[in-house]
2 protein chains.
Amino acid sequence: MGIRAIERAMNVLQELNLQPINTIAQLHARTKLPKPTLVRILKTLEDAGYVENDVREGGYRVSALVTSLSSGFHKGPLVVEAGRAWAVAITRKHKWPTAIALPDYDGVIIRFSTVPDSPVSPFHSTVNRRLNLLTRGMGLAYFAFLEGEEAELITDVLRRSDDPENALSHHPAELARLVRKVRANGYATRSSLVEPRNSNTIAVPIIAKSGKVLASLGLTYFTSAFSSEQEACARYAPVLQSAASAIADDLERLSRSISIEDDNPAAV
Amino acid sequence: MGIRAIERAMNVLQELNLQPINTIAQLHARTKLPKPTLVRILKTLEDAGYVENDVREGGYRVSALVTSLSSGFHKGPLVVEAGRAWAVAITRKHKWPTAIALPDYDGVIIRFSTVPDSPVSPFHSTVNRRLNLLTRGMGLAYFAFLEGEEAELITDVLRRSDDPENALSHHPAELARLVRKVRANGYATRSSLVEPRNSNTIAVPIIAKSGKVLASLGLTYFTSAFSSEQEACARYAPVLQSAASAIADDLERLSRSISIEDDNPAAV
DNA sequence: CTGATCCATTCCGTCCTACGGAACGGCAGG
DNA sequence: CCTGCCGTTCCGTAGGACGGAATGGATCAG
């Protein structure tokens, strides 16, 4: 068993990263910690410079110094590095948060998200969150564009899964129809069968010049902001597609001009 | 006064970010904490998943989860996002760590560094570190390419400083000569008058299409790895220059294709 | 093989400090 | 004015963090 105060502080810090601004009441509800304890922890983090108490906004937020807690960690695949700038740019222009997800066995894991840059995020920061391949927009955008042996391999793995979100894998015909539809559209959206219902995600694959599907790029919006899913897709799918293609270009340029031997896409 | 255990844990976590691998003895020396206390703190962080005890390497290192402690913080200028991929690519190819620094009043601040990706870094992670404009490679690469009013303004500020590292600002003729040399070379290096002596940094400016100097891109190497500074510069200056120019291109493409209203380069 | 040295880790009794219920002051709405 | 909700402060208590000393390896010298 570890030091309780530290465990608590780390949890609080994680929670703080999930929203641009956090009130004591919210943190109290999410962490189940007594308010005085929260105040004490936040004061400690504030003194240390990791947290700011924004009285105007009425809450606490992480400050620039938190980067020093993770500046020593990298080994992110190059596609994430190449894609960040585009993800940030889209969010600056269109406000909605975007994210980049990388394959991880029978799912994808979000490796970068612009939630903190988005003034209107339906979600909290979702970095390191795992998404299923068949029901989630970013999972499906990856899965549907897989080809040949790789596609079969993953399909087999999914078939063996008893996760309800992978249920579609037991209905090959329907699955094939879904894949065809996604490929025809050039983008995927989150299944209407899974939570949360008040938002949706539009996602496209990032495909290397070699044809290999590297990752997916997604944008999440409040459903209430549009009259229909079609409207949102018509607006953002082209943006995402051109960004995904630009990311693939950038990767190509990166490897050509600097000539990288091999970008190992090993996850984690 | 805050909670001591938390303050200590945060310090330990920061220290862990400064080196790829950290032994208890090193941490003990750097943090002045008793070893049992360190072990307890590290065990706590390990249980929570932020730290790994790599028995093979004989020490502790930060793990992927630390990113969740800062994933909520962004507001980084687009030039850093655009430059990351290139910095990472250079380090993967040439091994030496690279960094991107942004202007901050009378200095520059390192906003991104590939130290964790470098197997041979002379330095520890240097994110958020401030560098002087006249003696440091990355500072000088920025300063020397400033033009017109902006250059005069900063020069005035420097002249009013009594920081020994800004001493050159009191000798306008020598300063002008240095600036001319840097401009002619197209890159800057760290002054041989300042520490540390066992490494050096080669840096180039990142200049937007508009002509505005946005940032500097630097590479740091052990002096002992080359027979002369010339040799290292001949090898890496062109690499850095082409990367800097590519970053400017990327920025241009980012803003053209997504058409961002205004990239506010405000630092922290 | 023995003894010395250095290291990370565990023990455990002491003391302190983190804890949280209760109280407080501020604010908004009724 | 009162009521409800908020963030913050108080303060007596008790449980947990603390660190010196002991332990268990690993490495090296003789």
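Everything quoted here is computed from the prediction, not taken from an experiment. Here is the naming used below: chain letters follow the sequence lines, and residue numbers restart at 1 for every chain.
Protein atom CG of Leu33(B) is 11 Å distant from nucleotide atom C1' of dC18(D), rounded to whole Å. Atom CG in Leu38(A) sits roughly 12 Å away from atom P in dG21(C) (whole-Å rounding). If you take CD1 of Ile41(A) and C1' of dG20(C), they are 12 Å apart, rounded to a whole angstrom. Here dT17(C) presents its P atom at 15 Å from CD1 of Ile6(A), a figure rounded to the nearest Å. Note: CG (Asp54(A)) to P (dG7(D)) measures 14 Å, nearest angstrom. For the pair Ile3(B) CD1 and dG20(C) C1', the computed distance is 12 Å after rounding to whole Å.
The side chain of Arg8(B) places an N or O atom within less than 4.0 Å of a non-bridging phosphate oxygen (OP1 or OP2) of dG19(D). A sub-4.0 Å separation between OP1 or OP2 of dC18(D) and a side-chain N or O of Thr37(B) is absent.
Although no hydrogens or angles enter the test, the distance criterion places a donor-acceptor pair under 3.5 Å between the side chain of Thr114(A) and the main chain of Thr98(A). Ser161(A) contributes no side-chain N or O that, together with a main-chain N or O of Val157(A), makes up a donor-acceptor pair within less than 3.5 Å. Side chain of Ser63(B) to main chain of Gly49(B): a donor-acceptor pair is present (N/O by atom type, distance under 3.5 Å, no hydrogens or angles). In this structure, the side chain of Thr23(A) engages the main chain of Gln26(A) through a donor-acceptor pair within 3.5 Å. Side-chain atoms of Arg136(B) do not come within 3.5 Å of backbone N or O of Glu165(B) as any donor-acceptor pair.
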(request) If a protein heavy atom is under 4.0 Å from the base, mark B; if only from the sugar-phosphate, S; if neither, -; do that for nucleotides 4-16 of chain C going 5' to 3'. (result) ----SBB------
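The shortest side-chain heavy-atom distance between Arg30(A) and Gln19(A) falls under the 4.5 Å cut-off.
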